[in-house]
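Following: one structure in structure tokens, then a few remarks.
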Amino acid sequence: MKKAVSFAMAVAMTASLTAAGAVPVLADDVSITIFNSKMEIQSQMEEKAAEYAEEKGIDVEVYYSSDTVSAHMATRYASEDPYTLSMVDAKDIYSLGKEHAIDLSDQDWVNDTDYEIAVDGAVYGFPVCVEARGLMYNADAIEAITGETFNPDDYKTLDAFKELIAKLVEGGMETPVGIMKEDWSLGAHFLSEVYEEQEDVDAFITSLHEGTADLINNEKFNSLMDTFDVLMENNYAKDSAIAAEREVSEQKLAEGEIAFMFGGNWDWSVINAYDYTENMGMMPVPQNTEDGTNEKLVGGGSKYFFIDNSDNTSAEQQQAAKDFLNWLVYDEAGQSFIATDCALVPAFSNNAIEVADPLGKSVKKYADEGALIPNYDYAPDDHYSICGASFQKYLAGQIDRAGFAAEIENYWKSTTPVEH
């Protein structure tokens, strides 16, 4: 664990906060610690630190760790050195909230979001942003070949998508697809859609755990894997798929050398480093299905803050942490920090700032339309690494679909689903 940055942060509420129910000004010597588990916004937080350092306020120390969130938090609590404010994943709120978090049910922001997490009626999780995943596209690259305006709604089915791929290949884009080989992309993101698109997700996970699921004959598994096979066949790195570097793939998409890649709006933090074209976005994974899942992205609230309730955190520190959360929701500078500086999709309806990037704009569109399939947030910590490794074997051609399905079934039979 490394200490990323320490800075003085002014979080006293402005007039907008006063209207929302401001709190008394805190003593000058109050200090809080914040755990940031979202690597993509670390540099933005460092840039904001320079601004805050010039203002008088409470002292704030921000930390980042590359360890898994649950392991890092367990270490901090074992040493009786918790953070005042911790950014964790949804499943961590369910596992840690009742024991370690204060109830935030009385906070005004609860009424301005649909993504807070409550456990047994107590609100413990403050949603940092909305994120979603699907197929990223470069419309400029597509239109340059087809000569037609690209409308993702025209390619909801795999059949239609395959026709478009063929047209791109015929037009000179020999390999229109990139695939991220990382275990988290394959295991936590693409494979998880197999669970998330089931009619009853919890019942399906239970059947996997109990060994009664028949994955190789599951409609959703085969539908998504049919699409993945098309992506693999048209992958620019098909002959060395496991050696493909994420940054290279993102650059090819950004600059229009390829047209499609599965990912999420967090990928903008990589794409924007390159000479990207203007018209990009996200669309649902094309599938030959009739239940509407090919018209939705998968997503929802992503990353959650909770405030420590232990004796190591004073009432003044807890109040300072509440003030910081209110600043993110109600102060124009806090809203801008989320939507503009961090290029995140706000999780709060009162934040009207336009999302800064095209992938985020797509996510906001689907979210506003209620077209998000909820995330399955309860996979065990080792799911993406173990199942992602199996998926990498499939990507590399080392196992077939039946072998892949068997490895996923074996994983779930040997693990315990996360209670929620």
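What you are looking at is a predicted structure, and each value in this text was computed from that prediction instead of being measured. We count residues from 1, following the sequence as given.
Contact detail for Gln317 and Asn312: the closest heavy-atom pair is OE1-O, 3.7 Å. Shown here for Arg133 and Ser192, the closest heavy-atom pair between the two residues is NH1-CB, 4.2 Å.
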Q) Can you check ring-ring contact (aromatic ring centres under 6.0 Å, His included) on Phe391 and Phe228, steps first, answer last? A) CA-CA 11 Å; Phe391 213 146; Phe228 193 80; 4.7 Å; yes
(Q) Working note: Trp266 + His189, criterion ring-ring contact (aromatic ring centres under 6.0 Å, His included); need CA distance, chi angles, decisive distance, verdict. (A) CA-CA 12 Å; Trp266 51 82; His189 293 163; 4.8 Å; yes
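Using cut-offs of 30° and 60° on the angle between ring planes, the pair Tyr77 and Phe306 is parallel. By the 30° and 60° cut-offs, the orientation of the rings of Phe204 relative to Tyr195 is tilted.
A salt bridge is defined here as a Lys NZ or Arg NE, NH1 or NH2 lying under 4.0 Å from an Asp or Glu carboxylate O, and Lys361 with Asp357 fails to meet this definition.
With a 6.0 Å cutoff to the six-membered ring centre and a 45° limit on the axis angle, Arg76 counts as a cation-pi contact of Tyr83. Cation-pi contact between Lys98 and Tyr124: absent, since separation from the ring centre below 6.0 Å together with deviation from the ring axis within 45° is not met.
A donor-acceptor pair under 3.5 Å links the side-chain atoms of Ser362 to the main chain of Met282, judged by distance alone. Within the 3.5 Å criterion, the main-chain N or O of Asp308 finds a donor-acceptor partner in the side chain of Gln318. No side-chain donor-acceptor contact under 3.5 Å links Glu409 to the backbone of Gly211.
Residues Tyr376 and Glu193 are not in side-chain contact: their nearest non-hydrogen atoms beyond the backbone lie 4.5 Å or more apart.
The 12-atom threshold is not exceeded at CD of Glu354, counting heavy atoms of other residues, nucleotides or ligands nearer than 6.0 Å.
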